[in-house]
> 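What follows is a single structure, and I will ask about it in a moment.
Atom set for the values below is all heavy atoms of this structure, side chains included, hydrogens, waters and symmetry mates excluded. Proteins come first, then strands; the chains are lettered A, B, ... in the order of their sequence lines, and each starts at number 1.
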Amino acid sequence: MQSESETSVRLRFAPSPTGYPHLGNIRTALFNWLFARHHGGIFILRIEDTDTARKVEGAVDIILDSLRWLGLEWDEGPYFQSQRLSVYRETAQKLLDEDHAYLCYCSPERLEAMRQEQTKRKQPPKYDQHCRNLTEQEKSQLKAAGITPVVRFKTPLEGETTFHDLIYGRVTFKHDTLDDFVLLKSDGYPTYHLANIVDDHLMAISHVLRAEEWLSSTPRHVLLYQALSWQAPRFAHLPMILGPERAKLSKRHGATNISEYQKQGYLPDAMINFLALLGWSLDDRTELLSREELIRHFSLERVGKTAAIFNREKLEWMNGVYLRRLSLGEFVHRAMPFLDRDLPDSVRRPLDESYVSQVLSLIQERAKTLAEVPQLADFFFLDELRYDTGLLLKGKLDAKSATGAITIAWQKLEKLATWDAATLEGILRSLTTELNLRTGEFFGSLRIAITGRTAAPPLFQTMAVLGKEKCLKRFKMTLQLLLPSCPN
RNA sequence: GCCCCCAUCGUCUAGAGGCCUAGGACAUCAGCCUUUCAAGCUGAAGAUCAGGGGUCCGAAUCCCCUUGGGGGCACCA
């Protein structure tokens, strides 16, 4: 599409620093970013920090870090609403001057009592417009009393507001279901409704993509644009992402903060791909899309309307796919910090990169997340394994045959000059035949001896990477543990 | 309580009146491969398209009602 407005596509992501960004917030950021990039528009970052009470220290940094981590780079900002207070106050004053707003002196206590009463009477909680109809005398009395008022919007008493949502279509609200909401708080800060529309207007935002939870406040925003004679942007409400209990995501849902996923070793590209598919799809079969493909194909027409529960298992699968697609060098580069972080302290640092690279070539296709890598690979790094003797004895071979077989293996391998996977395999396979064992049982015992576990990368490659010295040492250790269990 | 939105396999989704005896993906199960694990490949199971009325020659697709779910109703965003 090549409309003339193509050049003025301006999107924004406007989080409030009242907590750490979760999947839902980031999905919103992603869709805004994708839409902007698709149309060659501008992506703006705006911090809506107008709630001084709920402000969380450090939240802004985490928001910025998360966006950077995911590669959702912004073209303008971050703008901070707390630094633009005069703009909102001026707008509030304008609304006041033009009789679209009024001062309200009601105390929080009165409002609370009123709301309780309404709820008790099973009526919708709504401001009763007490201060909307104050006489001049009452006004000057209240003013003289030194009460700091708030500014409320004069919502039209009758009629309705209809707007066209790019995703949900035509939506209508009757004015009498709305109330005279606050625009400017008594601390001088604007509410979301005021600050949001002022900034969207001033920053020439063309499309507002935000979560569906905002759908029902959109008529207020439309009314505000009208009162100010401003052109409203296009609205597109995105379906919600729900927690496992089908409720709005919140802190209580554990690993919902995006930074958690970084810590757990998910790749940005996998996160992006996965999140894009939560509410959007290309067609009936494509699951894996690169950033470029996402940008090229993204469109609001293909955004659905139904809330989605995010499926962690699918994310894990997808992350595994992205992990396997990495070059070995890149995989090593990505996994190194996790090895550093999670390998036991007894493992000497710095880790040897070429050794790590050999190890990880065996680990790469087995990891779903980078955080799993140290777990999967620790036996390559530990000097001495802590064997589970139960495991050794529970092998498919009994203690006696295992001891015998490992002893002979040890003797053969000890003389070996060439230590590579092919040679080891040749020797140990023929030994299997000689001893009249089955590969499954013999290699199984060897695997436990070498790795301390039953599930591990291919035995011979593992032994090759580990090196002769360590392997022989581990065989010996195993024999020592096995010996006491051997009946003579 | 009032208002708004939504409704296809357990989950993410395709489906914009006939191509649907509803397709794909994750997860599950089975088989193959194989020294284990993983990956890969093949296959299976899984949705009376929430229910009920219409409209139409024909409905998952359009309309209405019911039910269910979600969201909103702060001097929070």
Side-chain angles (χ1 to χ4, degrees), chain A residues 14-19 48-51 53-54 104 106-108 111-112 115 118-127 148-152 165 168-169 171-174 176-179 181-187 189-193 195-196 211-219 237 239-240 242 244 246-248 274 277-288 301-302 304-318 320-321 324 362-368 376 425 428-429 432 438-444 446-448 451 453-460:
Chain A
S16 71
T18 51
E48 310 219 322
D49 53 350
T50 55
D51 187 343
R54 291 202 314 154
C104 169
C106 293
S107 69
L111 295 174
E112 181 53 32
R115 234 174 270 126
Q118 287 165 334
T119 309
K120 209 170 84 187
R121 287 160 54 192
K122 299 202 185 284
Q123 288 176 340
K126 249 173 78 171
Y127 178 60
T148 315
V150 301
V151 177
R152 283 186 187 272
D165 187 272
Y168 286 96
V171 183
T172 301
F173 285 83
K174 290 194 171 61
D176 60 17
T177 65
L178 273 24
D179 72 351
F181 54 98
V182 172
L183 297 170
L184 204 61
K185 303 181 254 184
S186 56
D187 63 1
Y189 279 72
T191 58
Y192 170 86
H193 304 299
N196 192 265
E212 196 242 39
E213 57 185 316
W214 294 107
L215 194 60
S216 41
S217 37
T218 304
H237 288 90
M240 307 265 300
L242 270 21
R246 297 195 162 274
K248 205 172 149 178
F274 177 76
L277 258 18
L278 236 41
W280 176 86
S281 64
L282 174 61
D283 53 31
D284 62 342
R285 54 193 67 254
T286 312
E287 303 282 342
L288 269 9
E301 286 93 78
R302 295 205 58 87
K305 300 178 181 179
T306 58
I309 299 170
F310 96 99
N311 177 195
R312 203 198 173 86
E313 282 168 332
K314 186 159 181 175
L315 205 213
E316 278 182 5
W317 162 77
M318 193 174 277
V321 171
R324 274 174 252 127
L362 300 178
I363 297 300
Q364 186 167 10
E365 72 173 25
R366 294 177 169 74
K368 285 197 171 76
L376 291 169
E425 177 159 11
L428 293 169
R429 269 194 198 284
T432 313
R438 283 200 235 153
T439 51
E441 39 193 37
F442 184 37
F443 294 171
L446 294 179
R447 176 173 302 104
I448 293 170
T451 68
R453 47 179 90 177
T454 53
L459 182 60
F460 310 114

> If you check the A/Asn311 side chain, which of B/A39, B/C26, B/G69 turns out closest?
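Shortest atom-to-atom distance from the side chain points to B/C26.
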> Between atom CG in A/Leu183 and atom P in B/A77, what is the gap in whole Å?
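One finds 12 Å between P of B/A77 and CG of A/Leu183, rounded.
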> Under 4.0 Å between a side-chain N/O of A/Arg453 and OP1 or OP2 of B/A38, yes or no?
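So the side-chain polar atoms of A/Arg453 never come under 4.0 Å of the phosphate oxygens OP1 or OP2 of B/A38.
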> Taking the minimum atom-to-atom distance to the side chain of A/Lys185, which one of B/A77, B/C3, B/G70 wins?
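Of B/A77, B/C3, B/G70, B/A77 is nearest to the side chain of A/Lys185.
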> Taking the C1' atom of each, how far is B/G24 from B/C62, in whole Å?
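Each nucleotide's C1' atom is 27 Å from the other's.
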> Between atom CE in A/Met318 and atom C1' in B/C12, what is the gap in whole Å?
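These atoms are roughly 9 Å apart.
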> Given B/U36, B/A14, B/A77, which nucleotide is nearest the side-chain atoms of A/Arg302?
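Given the options B/U36, B/A14, B/A77, the side chain of A/Arg302 is closest to B/A14.
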> Would you please confirm or rule out a distance under 4.0 Å between OP1 or OP2 of B/C75 and any side-chain N or O of A/Arg115?
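Yes, because at least one side-chain N or O of A/Arg115 sits under 4.0 Å from OP1 or OP2 of B/C75.
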> With no hydrogens and no angle check, is any side-chain donor or acceptor of A/Arg302 less than 3.5 Å from a backbone partner on A/Ser281?
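Looks like yes, one N/O pair under 3.5 Å.
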> Work out how far the P atom of B/U67 is from that of B/G58, and round it to whole angstrom.
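Looking at atom P only, B/U67 and B/G58 are 29 Å apart.
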> Counting side-chain heavy atoms from CB outward, which of B/C4, B/G71, B/C26 is closest to A/Ala247?
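My answer, after comparing the listed nucleotides, is B/G71.
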> Going by purine N1 to pyrimidine N3 plus the second Watson-Crick contact, or the G-U wobble pair, all under 3.5 Å, which nucleotide sits opposite B/G46?
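Per the H-bond distance test, none.
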> Could you give the NE2-to-P distance, from A/His237 to B/C3, as a whole number of Å?
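Atom NE2 in A/His237 sits about 20 Å away from atom P in B/C3.
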> In whole Å, measure the gap between the P atoms of B/A14 and B/A59 for me.
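To the nearest whole Å, 23 Å.
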> More than 12 heavy atoms of other residues, nucleotides or ligands under 6.0 Å from CZ of A/Arg438: yes or no?
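Not more than 12 within 6.0 Å, no.
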> Are OP1 or OP2 of B/A77 and a side-chain N or O of A/Thr191 less than 4.0 angstrom apart?
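Indeed not, no polar side-chain atom of A/Thr191 lies that close.
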> Which nucleotide, B/A25, B/C75, B/A14, lies nearest any side-chain atom of A/Lys314?
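Output: B/A25.
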> What integer distance in Å separates A/Arg312:CZ from B/U11:P?
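In whole Å, B/U11 P and A/Arg312 CZ are 18 Å from each other.
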> Between B/G72 and A/Lys248, is there an OP1 or OP2 to side-chain N/O distance shorter than 4.0 Å?
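Answer yes for this pair, as a side-chain N or O of A/Lys248 is under 4.0 Å from OP1 or OP2.
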> Taking CG from A/Leu278 and P from B/A25, how many angstroms apart are they, rounded to a whole number?
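About 18 Å, once rounded to whole Å.
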> Nearest whole Å is fine: how far is B/U28 P from A/Glu316 CD?
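Distance, rounded to whole Å: 11 Å.
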> Would you measure the distance from the C1' atom in B/C64 across to the matching atom in B/U55 and give it in whole Å?
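My reading of the C1' atoms in B/C64 and B/U55 gives 11 Å.
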> Using purine N1 to pyrimidine N3 plus N6-O4 or O6-N4 for Watson-Crick, or N1-O2 and O6-N3 for G-U wobble, both under 3.5 Å, which nucleotide pairs with B/C26?
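Pair assignment: B/C26 / B/G10.
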> Could you tell me whether the phosphate oxygens of B/A38, OP1 or OP2, come under 4.0 Å of any side-chain nitrogen or oxygen in A/Arg324?
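Negative; the distance criterion is not met.
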> Could you tell me which nucleotide pairs with B/C62 by Watson-Crick or G-U wobble geometry, both distances under 3.5 Å, or answer none if nothing does?
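Partner of B/C62: B/G54.
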> If you measure from the P atom in B/C4 to the same atom in B/U66, how many Å do you get, rounded?
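Taking atom P in both B/C4 and B/U66, they lie 13 Å apart.
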> Can we call the ring centroids of A/Phe181 and A/Tyr127 under 6.0 Å apart?
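No: the rings miss the under 6.0 Å criterion.
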> Which value, in whole Å, describes the distance between the C1' atoms of nucleotides B/C12 and B/A27?
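Looking at atom C1' only, B/C12 and B/A27 are 11 Å apart.
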> Verify, without hydrogens or angle tests, whether A/Ser186 (side chain) and A/Thr148 (backbone) share a donor-acceptor contact under 3.5 angstrom.
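Checking the backbone N and O of A/Thr148 against the side chain of A/Ser186, no donor-acceptor pair under 3.5 Å is found.
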> If we only count heavy atoms from C-beta on, is the A/Val171 to A/Thr218 side-chain gap below 4.5 Å?
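Not in contact.
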> Tell me the partner of B/C73, counting only Watson-Crick (N1-N3 plus N6-O4 or O6-N4) or G-U wobble (N1-O2 and O6-N3) with both under 3.5 Å; none if nothing fits.
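Paired with B/G1.
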> Counting heavy atoms from C-beta on, name the nucleotide in B/C12, B/A27, B/U36 closest to the side chain of A/Glu313.
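Looking only at heavy atoms from C-beta outward on A/Glu313, the closest nucleotide is B/A27.
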> Tell me which of A/Pro124 and A/Ser216 sits closer to the 5' end of RNA chain B, going by the nucleotide each one is nearest to.
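Per heavy-atom nearest nucleotide, the more 5' residue is A/Pro124.
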> Please check: side-chain N/O of A/Lys126 versus main-chain N/O of A/Gln118, any donor-acceptor pairing under 3.5 Å?
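Not at all, since once roles are kept as given, no pair shorter than 3.5 Å links the two residues.
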> Among the candidates B/C75, B/C12, B/A77, find the nucleotide nearest to the side-chain atoms of A/Trp214.
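In terms of side-chain proximity for A/Trp214, the closest of B/C75, B/C12, B/A77 is B/A77.
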> Quick check: on RNA chain B, is the nucleotide nearest A/Gln123 upstream (toward 5') of the one nearest A/Arg366, or the reverse? Name the residue that is more 5'.
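Nearer the 5' end of the strand: A/Gln123.
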> Would a distance-only check, ignoring hydrogens and angles, find a side-chain to backbone donor-acceptor pair under 3.5 Å from A/Tyr189 to A/Asp51?
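Not a single qualifying donor-acceptor pair exists.
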> Under a 3.5 Å cut-off for both distances, is B/G31 Watson-Crick or wobble paired, and to whom?
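B/C41 is the nucleotide pairing with B/G31.
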> Please check the phosphate of B/A14 (OP1 and OP2 only) for any side-chain N or O of A/Ser281 closer than 4.0 Å.
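For A/Ser281, the contact criterion (side-chain N or O under 4.0 Å from OP1 or OP2 of B/A14) is met.
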> Using the C1' atom as the point on both nucleotides, what is the distance between B/A47 and B/G10, in whole Å?
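Looking at atom C1' only, B/G10 and B/A47 are 11 Å apart.
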> How close or far is atom P of B/G72 from atom OH of A/Tyr168, stated in whole angstroms?
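Checked: the OH to P distance equals 13 Å.
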> Provide the distance between the two C1' atoms, one in B/A60 and one in B/A22, to the nearest whole Å.
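About 8 Å, rounded to a whole number of Å.
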> Taking the inter-plane angle between the rings of A/Trp214 and A/Tyr192 on a 0 to 90° scale, is it parallel (under 30°), tilted (30 to 60°) or perpendicular (over 60°)?
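The arrangement is parallel - the two ring planes meet at less than 30°.
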> For A/Ile309 and B/G68, give me the distance from atom CD1 to atom P, rounded to whole Å.
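After rounding, the reported distance stands at 18 Å.
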> Indicate, yes or no, whether a donor-acceptor pair under 3.5 Å links the base of B/C75 to the side chain of A/Ser186.
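Yes, a donor-acceptor pair under 3.5 Å.
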> Of the candidate nucleotides B/A25, B/C76, B/G1, which contains the atom at the shortest distance from the side chain of A/Glu287?
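When the side chain of A/Glu287 is considered, B/A25 is the closest of B/A25, B/C76, B/G1.
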> Could you check which of B/U36, B/C5, B/A14 has an atom nearest any side-chain atom of A/Asp284?
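Closest of the options to the side chain of A/Asp284: B/A14.
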> Considering only side-chain heavy atoms of A/Phe173, which listed nucleotide, B/A25, B/C3, B/G70, is closest?
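Nearest listed nucleotide: B/C3.
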